[in-house]
Amino acid sequence: MKYIRILALTLCLSFLFSACTAAQSFPTRPVTMVIPFGAGNASDLFARRFTAIASDHLGQTIRCINISGNQTGEAIAYVYEQPADGYTVMEVTPSLLLSEMRTLHEIEQRRAETSAPMLIQEIIFRDEFEPLLRVEADIQLFGIAPGSRFDSLEELLAYAKEHPGELTIGGTSPGGLDEYIARGFAKAAGIQWTYVAYQSSDEALAALLDGTLDVYQDKMLRFLPLVQEGTVHPLVILNEERVDVDGLAACPTTEEMGISFTQGSWRGFVVKKGTPQEVKATLIDSLKNAYLDPAYGELAEKNHTNIRTGYLEAEEWQAQWDEEYTALSEIFFEQ
């Protein structure tokens, strides 16, 4: 019996020693960065450029893979199935909170509609993943066609109040961030308009220019060149302060117009819960150093993603998740 206890203690200490050694030596091989979106969009380009810089600071290659589908659900499932060892990291945006919101809403609907046991194991984003670092925050803008019947935001809002639901605003992915922004702005401004989903920003832009769409929305990276080439006339910036950039300096912000809504996108990185603290610390250090690297500073300045502070450490970022999730739910499922 004494021999068995000694053997058990030896095995336990051996396991703990192996785990500590693995954590201390991390990483000994390349790390996989899962991008839960298709190739070529803004989040994909950001992840690839940023992780190329972070690889130098981590001392190992961070290889990016795209796993899109089921509104980020496939990426969530893939990362969830991997070991919690730090070798699989996932880029996240507000879309992951939207995915959780939809999942929980569907669970509640199924519970209300049937008394049968719940056999499907759902993966809840905030329950199964934990933050490393938020790096970037995008600003959203609304614009109109140069020949629009409206000359200003005031004119458009006045018309929308007199004609509820008549005006249209475009975006991509129904039930996604663009629709939330359209709905949230309308609620804060006291208007009603109709959200129209398109397969891509290019389709939404084409609809604006042929007169079938009234308002176009996009992130700064894509919106600004359209303004500077005269394709889109800026209507309002969803931000606290004006943006001192060629083509946008005269454009009002939501805050100065008395509309308390400044939602944009953001980007950061998470790992599966249970990842050793030492491993997380190594990943966070490499991401921090990449954020401070002049190469990223040049990239952020070029893409105008440094206008709004994007950097948030894990604890503060996780608190933001909770606040934003509540706001998302209130907009999409308000009674």
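Keep in mind that what you see is a predicted model, and the values were worked out from it rather than measured.
- A side-chain donor-acceptor contact under 3.5 Å links E179 to the backbone of G175.
- Partner of L238 under the side-chain contact (heavy atoms from CB on, under 4.5 Å) criterion, out of D138, T253, I181: I181 alone.
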Q) Hey, mind stepping through E91 and F46 against side-chain contact (heavy atoms from CB on, under 4.5 Å) and telling me if it holds? A) CA-CA 10 Å; E91 180 196 19; F46 159 75; 3.4 Å; yes

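- Of the possible donor and acceptor atoms, one in the side chain of E100 sits under 3.5 Å from a partner among the backbone N and O of R126.
- Put simply, I76 and W321 are part of the same group of oily side chains (I, L, V, M, F, W, Y) that touch within less than 4.5 Å, one to the next.
- Residue A160 comes nearest to L167 through the heavy atom pair CB-CD1, 3.9 Å, listed as atom of the first residue, atom of the second, then distance.
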Q: Dump the intermediate steps for side-chain contact (heavy atoms from CB on, under 4.5 Å) on V243 and H304, then the final yes or no.
A: CA-CA 10 Å; V243 176; H304 303 288; over 6 Å; no

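- Side chains of Q60 and S55 form no contact here, defined as non-hydrogen atoms less than 4.5 Å apart.
- With rounding to the nearest 0.5 Å, the separation of CG in L133 from CG in L287 is 6.0 Å.
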Q | From CA spacing to verdict: side-chain contact (heavy atoms from CB on, under 4.5 Å), D285, H57 | A | CA-CA 8 Å; D285 283 346; H57 296 282; over 6 Å; no

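- Residue pairs meeting the salt bridge (charged side-chain N to carboxylate O under 4.0 Å, His left out) criterion with at least one member in residues 294-312, sequence neighbours excluded, do not occur.
- Under a hydrophobic-cluster definition in which Ile, Leu, Val, Met, Phe, Trp and Tyr are linked whenever side-chain heavy atoms come within less than 4.5 Å, directly or via other members, F150 and V236 are assigned to the same cluster.
- No donor-acceptor pair closer than 3.5 Å links the side chain of T72 to the backbone N or O of P36.
- By the 6.0 Å contact criterion, CD on E166 is enclosed, its count of non-hydrogen atoms from other residues, nucleotides or ligands being greater than 12.
- Using a 4.5 Å heavy-atom cutoff, the side chains of L156 and V215 are in contact.
- From W266, atom CH2 reaches atom CH2 of W317 across 5.5 Å, with rounding to the nearest 0.5 Å.
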Q: For the pair L283 and V279, evaluate side-chain contact (heavy atoms from CB on, under 4.5 Å) and give the outcome as yes or no after the intermediate values.
A: CA-CA 6 Å; L283 288 169; V279 170; 4.3 Å; yes

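- Scanning all heavy atoms of the two residues, the minimum distance from W193 to A182 falls at NE1-O, 3.1 Å.
- The distance from the OH atom of Y180 to the CG atom of L328 is 5.0 Å, given to the nearest 0.5 Å.
- Considering R48, R267, E136 in turn, R267 is the only one that fulfils the side chain to side chain donor-acceptor pair (under 3.5 Å) rule with S43.
- Looking at S99, its side chain never comes within 3.5 Å of a backbone N or O of S95 through a donor-acceptor pair.
- E130 places no side-chain N or O within 3.5 Å of a backbone atom of V270 that could act as its donor or acceptor partner.
- Between Q263 and L177, some side-chain heavy-atom pair lies under the 4.5 Å cut-off.
- Aromatic ring pairs are classed by plane angle as parallel below 30°, tilted from 30° to 60° and perpendicular above 60°; the pair H163 and Y159 is parallel.
- Using a 4.5 Å heavy-atom cutoff, the side chains of Y78 and I65 are in contact.
- A 6.0 Å sphere centred on CD of E315 holds no more than 12 heavy atoms belonging to other residues, nucleotides or ligands.
- Note on M90 and Y325: same hydrophobic cluster, where clusters join Ile, Leu, Val, Met, Phe, Trp and Tyr whose side-chain heavy atoms are under 4.5 Å apart, directly or indirectly.
- Ion pair R134/E316 not flagged as a salt bridge, since none of the NZ, NE, NH1 or NH2 atoms sits closer than 4.0 Å to an Asp/Glu carboxylate oxygen.
- For V245 against Q228, the heavy-atom pair with the smallest separation is CG1-NE2, 4.4 Å.
- Hydrophobic clustering, with ILVMFWY side chains joined whenever heavy atoms are under 4.5 angstrom apart, keeps L213 apart from L235.
- Among L141, L226, I169, T231, the single residue meeting the side-chain contact (heavy atoms from CB on, under 4.5 Å) criterion with Y216 is L226.
- The two atoms that bring L221 and P225 nearest to each other are O-CD, 3.2 Å, heavy atoms only.
- For the atom pair CD1 (I123) and NZ (K272), the distance works out to 9.0 Å, reported to the nearest 0.5 Å.
- The side-chain tip of R183 does not point at the ring of Y195 from less than 6.0 angstrom away and within 45° of straight on.
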Q: Just do the salt bridge (Lys or Arg N to Asp or Glu O under 4.0 Å) check on K187 and E330 with the steps written out, would you?
A: CA-CA 11 Å; K187 181 179 180 181; E330 288 175 352; 5.1 Å; no

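- No side-chain donor-acceptor contact under 3.5 Å links T32 to the backbone of T88.
- Considering every non-hydrogen atom in both G86 and F26, the closest pair reads O-CZ, 3.5 Å.
- Residues passing the ring-ring contact (aromatic ring centres under 6.0 Å, His included) test with Y291 are Y296, Y311, sequence neighbours excluded.
- Note that the CD1 atom of I237 and the CG atom of L248 stand 5.0 Å from one another [nearest 0.5 Å].
- Atom CZ of F223 and atom SG of C251 lie 7.0 Å apart (nearest 0.5 Å).
- Put simply, the side chain of F129 does not reach to within 4.5 Å of the side chain of L96, judged on heavy atoms.
- Here the side chains of T305 and M220 are not in contact, with every heavy-atom distance at 4.5 Å or above.
- The shortest non-hydrogen separation linking I331 to G184 is CD1-CA, 3.8 Å.
- A donor-acceptor distance shorter than 3.5 angstrom exists from the side chain of S200 to the backbone of E203, with no hydrogens or angles considered.
- For residues 209-220, every residue pair satisfying the salt bridge (charged side-chain N to carboxylate O under 4.0 Å, His left out) rule, not counting sequence neighbours, is listed here: R149-D214, D218-R222.
- Under a hydrophobic-cluster definition in which Ile, Leu, Val, Met, Phe, Trp and Tyr are linked whenever side-chain heavy atoms come within less than 4.5 Å, directly or via other members, V34 and L98 are assigned to the same cluster.
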